[in-house]
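Okay, structure first, notes after.
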2 protein chains.
Amino acid sequence: MENDRHREDFCEVHQVHEEKVAEVKRIMLPEEKAQALAQIFKTLGDPTRIRIIFALMQGELCVCDLAEITDSSESSVSHHLRLLRTQKLVKYRREGKNLFYSLDDHHVEKLFKEGLKHVYE
Amino acid sequence: MENDRHREDFCEVHQVHEEKVAEVKRIMLPEEKAQALAQIFKTLGDPTRIRIIFALMQGELCVCDLAEITDSSESSVSHHLRLLRTQKLVKYRREGKNLFYSLDDHHVEKLFKEGLKHVYE
DNA sequence: TAAACATTTGAACAATTATTCATATGTTTA
DNA sequence: TAAACATATGAATAATTGTTCAAATGTTTA
């Protein structure tokens, strides 16, 4: 209580480089874009989803295929797919009892491959 | 208990496309690479770290500058920087009392910019 | 050398998240 | 139309994570 050193205190020490700080703040990403950018990375930030996406990069697959490939339960895969769906990263089509999922965002593959360069450097 | 439907059960239903599944499994990312790839994305998957990285893309900055820019406490920024440091995404140099941080991985900027395309499409 | 400063660190806490389990929904087949 | 199948969904749980707070470390200055 009573002390919030981060804004308009009586003394305002800190901030070593006021100009630099002001300039960076001026061109800073708007909050919503920072959130959105973090969100797409967060979505890619899970090993199971990584394997799902890698699998889908080879072509469309249904849920039980993905479960087998990623060695996860179908329920777990389904939850992951829902997340990917709500972010429009995958789409699906029904064929009889099966739902075939496929990638629906060309940026995903580019991000994925760019990330792989980092991993395999 | 007693039922684990995911492997070598008595009946082995599911797996709609055995060939497809086998082929994808054959070329699947090794577990360690999937983990590493997820890790780099997870690291980028936080709005505060996104703003820290964006700021550092403009040049080196010290911790209190970053705190001011991201409107976070210095402690919080420091924790984030530690994470980025342990993953070798940033480096720092000391100048008197200040530690100046800067980016230390050329992939990060490329990933960042590729992600921005997705956000601004 | 004591005080001020810049940053780090660890513990604590709340929030988020991945997985599991049980159940529901929709489709095909016998 | 009942049973089998493929998938989705919600609740529950355990694990992870971001932030805060208090205290420690290392540097400069008075």
Side-chain angles (χ1 to χ4, degrees), chain A residues 1-6 9 11-17 21 34-35 38-39 41-52 60-68 70-87 90-101, chain B residues 1-6 9-17 21 34-35 38-39 41-52 60-68 70-87 90 92-101:
Chain A
M1 342 334 194
E2 209 75 42
N3 66 336
D4 176 4
R5 282 154 66 246
H6 302 305
D9 227 43
C11 186
E12 192 74 18
V13 251
H14 298 289
Q15 279 126 284
V16 176
H17 300 99
V21 168
Q35 289 280 353
Q39 184 55 65
F41 285 129
K42 187 177 291 187
T43 300
L44 297 176
D46 176 87
T48 302
R49 284 195 294 273
I50 284 292
R51 297 205 302 272
I52 288 174
E60 65 173 13
L61 289 162
C62 67
V63 177
C64 67
D65 288 343
L66 288 167
E68 170 72 16
T70 62
D71 199 30
S72 315
S73 70
E74 279 134 29
S75 177
S76 177
V77 168
S78 184
H79 280 297
H80 285 301
L81 287 170
R82 171 160 57 167
L83 187 68
L84 296 169
R85 230 164 45 213
T86 59
Q87 301 196 223
V90 302
K91 62 182 189 298
Y92 65 95
R93 69 179 179 84
R94 181 178 279 280
E95 187 177 306
K97 280 178 285 191
N98 293 303
L99 293 181
F100 284 87
Y101 280 85
Chain B
M1 342 321 189
E2 205 78 43
N3 65 335
D4 176 3
R5 281 153 69 246
H6 302 304
D9 227 40
F10 65 95
C11 186
E12 192 72 20
V13 249
H14 298 290
Q15 280 125 285
V16 177
H17 301 97
V21 168
Q35 289 280 353
Q39 185 54 64
F41 285 129
K42 187 177 290 188
T43 300
L44 297 176
D46 175 87
T48 302
R49 285 194 293 273
I50 285 292
R51 297 205 302 273
I52 289 174
E60 66 173 12
L61 289 163
C62 67
V63 177
C64 66
D65 288 343
L66 288 168
E68 169 72 14
T70 62
D71 199 29
S72 313
S73 71
E74 279 133 30
S75 178
S76 177
V77 168
S78 183
H79 280 297
H80 285 301
L81 287 170
R82 170 160 58 166
L83 187 67
L84 295 170
R85 233 166 42 215
T86 58
Q87 301 196 226
V90 302
Y92 65 95
R93 69 179 179 84
R94 180 178 281 276
E95 186 178 306
K97 281 177 284 193
N98 293 306
L99 293 181
F100 284 87
Y101 279 84

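Every chain is numbered from 1, with letters handed out A, B, ... down the list of sequences. Below, all heavy atoms of this structure are taken into account, side chains as well, without hydrogens, waters or symmetry copies.
- At the heavy-atom level, Tyr92(B) lies nowhere under 4.0 Å from the strands shown.
- Between Phe41(B) and Phe41(A), the ring planes lie parallel to each other; the angle is under 30°, not in the 30° to 60° tilted range.
- Note on Lys42(A): every side-chain N or O is 4.0 Å or more away from OP1 and OP2 of dT17(D).
- Glu68(B) has its CD atom 13 Å from the P atom of dT7(C), to the nearest Å.
- The interatomic distance linking Ile50(B) (CD1) with dG18(D) (C1') rounds to 15 Å, in whole Å.
- A distance-only check finds a donor-acceptor pair linking the side chain of Arg94(A) to the backbone of Gly96(A) [under 3.5 Å].
- Rounded to whole Å, the distance from CG on Leu84(A) to P on dT17(C) is 14 Å.
- In terms of phosphate contacts, Asn98(A) brings no side-chain nitrogen or oxygen within less than 4.0 Å of OP1 or OP2 of dT27(C).
- Remark: aromatic rings of Tyr101(B) and His80(B) are distant, center separation not under 6.0 Å.
- Between the side chains of Gln39(A) and Thr43(A), a donor-acceptor pair is found at a separation under 3.5 Å.
- The CD atom of Glu60(A) sits 12 Å away from the P atom of dT7(D) (whole-angstrom rounding).
- Between Arg94(A) and Ser76(A), the residue anchored nearer the 5' end of DNA chain C, judged by the nucleotide with its closest heavy atom, is Ser76(A).
- If you check dT7(D), dT9(D), dG26(D) against the side chain of Ser75(A), the one that comes closest is dT9(D).
- Rounded to an integer number of Å, the gap from NZ of Lys97(B) to P of dA6(C) is 5 Å.
- Here the side chain of Ser78(A) is nearest to one of dC5(C), dT7(D), dA18(C), namely dT7(D).
- Candidate nucleotides dC5(C), dA18(C), dG18(D) were compared by shortest atom distance to the side chain of His80(B), and dG18(D) ranks first.
- Closest to the side chain of Asp46(A), from the set dA6(D), dA18(C), dT9(D), is dA18(C).
- The closest side-chain heavy-atom distance from Leu81(B) to Leu66(B) is below 4.5 Å.
- Distance CD1 (Ile52(B)) to C1' (dT7(C)): 14 Å, rounded to an integer number of Å.
- With centroids closer than 5.5 Å and planes inclined by less than 30 degrees as the test, His79(A) and the base of dT9(D) pass as a stacked pair.
- Phosphate contact (OP1/OP2 of dT19(D), side-chain N/O of Ser73(B), threshold under 4.0 Å): absent.
- Of the side-chain N and O atoms in Arg82(B), none sit less than 4.0 angstrom from OP1 or OP2 of dT19(D).
- Base pairing of dA30(C): its partner is dT1(D), meeting the Watson-Crick or G-U wobble criterion (both donor-acceptor distances under 3.5 Å).
- Per the geometry, CD belonging to Glu95(B) stands 15 Å off C1' belonging to dC5(C), to the nearest Å.
- The side chain of Arg85(A) lies closest to dA8(D) when the candidates are dG26(C), dA6(D), dA8(D).
- With dG18(D), dT20(C), dA8(D) as the choices, the nucleotide that has an atom nearest any side-chain atom of Arg49(B) turns out to be dG18(D).
- The 12-atom threshold is not exceeded at OH of Tyr92(B), counting heavy atoms of other residues, nucleotides or ligands nearer than 6.0 Å.
- Here dT19(C) is the nucleotide among dT17(C), dT19(C), dT8(C) with the atom lying nearest to any side-chain atom of Thr48(A).
- Rounding to whole angstrom units, CD of residue Gln35(B) and P of dA18(C) are separated by 13 Å.
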